[in-house]
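We name chains A, B, ... by the order of the sequence lines, and we start the count at 1 in each one. No hydrogens, no waters, no symmetry mates; every other heavy atom, side chains included, goes into these values.
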Amino acid sequence: MSFDAALLKKDFPLLQRIINDKPLVYLDSANTSQKPQQVIDSMSHFMETTYAPINRSAYQLAAESTDAFENARSMCRTFINAPHTNEIIFTKNTTEAINLVAQSWGGANLHAGDVVVLTHMEHHANIVPWHMLVQSHGIQLRWVPLTSDGQLDLTNLDELLKGAKVFSFTAMSNVLGTLTPVKQLCAAAHAAGAIAVVDGCQYVPHNVTDVIAWDADFLTFSSHKMCGPSGIGVLWGREALLNAMPPFLGGGNMIGDVRLDGFTCAELPAKFEAGTPPITEVIGLGAAISYLTAIGMDNIRQHEKETITYALSALNERYGKDITIHGPTDPEVRGTALSFKFKDVHPHDLSQVLDQSNICVRAGHHCAKPLMRLLGANATARASFYLYNSLDDVDALVNALEGAGDLFSL
Amino acid sequence: MPGLEDLYREIILDHYRTPRNRGELAPPAVKAEGHNPLCGDEIQVYIDVADGMVRDVKITGQGCSISQSSASMMSAAVKGKSIDDIRNLVRRFKHMMSIEEEGNDSPIDESQSLGDLEALQGVVKFPVRIKCAVLSWNTLLDALNNA
């Protein structure tokens, strides 16, 4: 089957919306993705037929609910090729997953003067949890710099990693679209004796993910960016690491026993899943994984590579010097997040103009202020594409930019 | 749906292209900084206060056409005015932006024309942009409170 984005778009009810007599052109999937009917139906069906507490009640309904929930966990394992299903920890999102690693692993293993290495292209979710350890534990941060075309500058990587305990980095920049050499970075981390934490929230929704091939130690991703519901995310970690870590949040479900004088922890994965989780959302994430897997992650990546190749050339050909596109020019090393500067138009104003054509783009700092400072901007406009965006959507963006510059020319 | 012409009135674009009172004031002038953490817009307001009057005002910073033009218009509107008049004007402007001062039910003095500021009235039709328009005004209040 050849990939047909226009046909796939029909799976997404929201993308059928007509606003002010015009179709919707949704180019903000790096922010959050839209949901196919299959995911919506799976969640409705689950609530209509199966919803019950998990892991704690003896009746048949609760057993069915637990089975469905655990089946989704198993699908997550397969999706990222993790060795063990009990290594899949459900969190609220990537942000919470990285906080879990920083607070639990970092809190137990990092001490004053220890070094954590990050990159200059991280979003706040992979910066602030480590800054918090600077404040609480006195750790030090080092930063991998960027090349002029928005890739990681690995010239001095071994030097930066010398003595480091953690190397935490994104697999794909949410601003620049850059795909980082994850396998190489994991190997460099291990050579230095550091653990490798991979932030996959932009990468996992768009690519084949294989934590064994990467030889990673932790991976985080969010359901809402991969056609699933919001409110649910995943932390994967090596079983031995997770077993050795102290718990993160305390409460029901994460305990082995509780007495007046203390508690013991449950086995993985329950140890890190305190309280009632978003049960229906986990079912929705499972449905999203089924949906994406049926299409094929390699097909999705191929489609997106064609989309970004077309977008880069269409925007550059039409607007030349009037447009500056941040990040790599080679589609082999970039995903579909496309940040740009257009003439002197402020991204807010640009977004407002594009909104007249129902084109949804993000305008702002993309929760990556250190990177924005490096780019010399306090905001950029960002279009981001997904499996449901056809080349027509790219054309709509290219055409709608025409005239935006005239209104605001200084 | 409101059109772009409701938002981007010519007088707004004029203040955006040719901002008034750009620059800094040296101490003892009071400086206040405002940030919009959602979008990264930033602004610095400098005021020179004497005898209950704002003698001079200067603005630096960067942001969208609405935040920058609103700052420019604000600077022109408050220069040379008494602090009491300015506080009333801030309240009036925020009222126009649908933002009311909590716990203050006293009538707002609307006897004077708002002048150029009237042009920003269209912003309320674009709720996301209200915070752009009021950024410089809140920063001005910070400066007045520190003066």
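Residues A:His348 and B:Asp41 share a closest heavy-atom pair of ND1-OD2, 4.2 Å. Nearest heavy-atom pair across B:Gly63 and A:His346 is C-CD2, 3.1 Å. The two residues B:Tyr16 and A:Asp344 come nearest to each other via the heavy atoms OH-O, 3.7 Å.
In this structure, the portion of B:Leu13 lying under 4.5 Å from any heavy atom of chain A is its side chain and not its backbone.
Residues B:Arg129 and A:Asp349 have side chains in contact (heavy-atom distance under 4.5 Å, counting atoms from C-beta outward).
Few gaps surround CZ on A:Arg318; more than 12 heavy atoms of other groups in view lie less than 6.0 Å from it. Within 6.0 Å of CG in A:Asp21 there are 12 or fewer heavy atoms belonging to other residues, nucleotides or ligands. Within a 6.0 Å sphere centred on NZ of A:Lys92, heavy atoms belonging to other residues, nucleotides or ligands number 12 at most.
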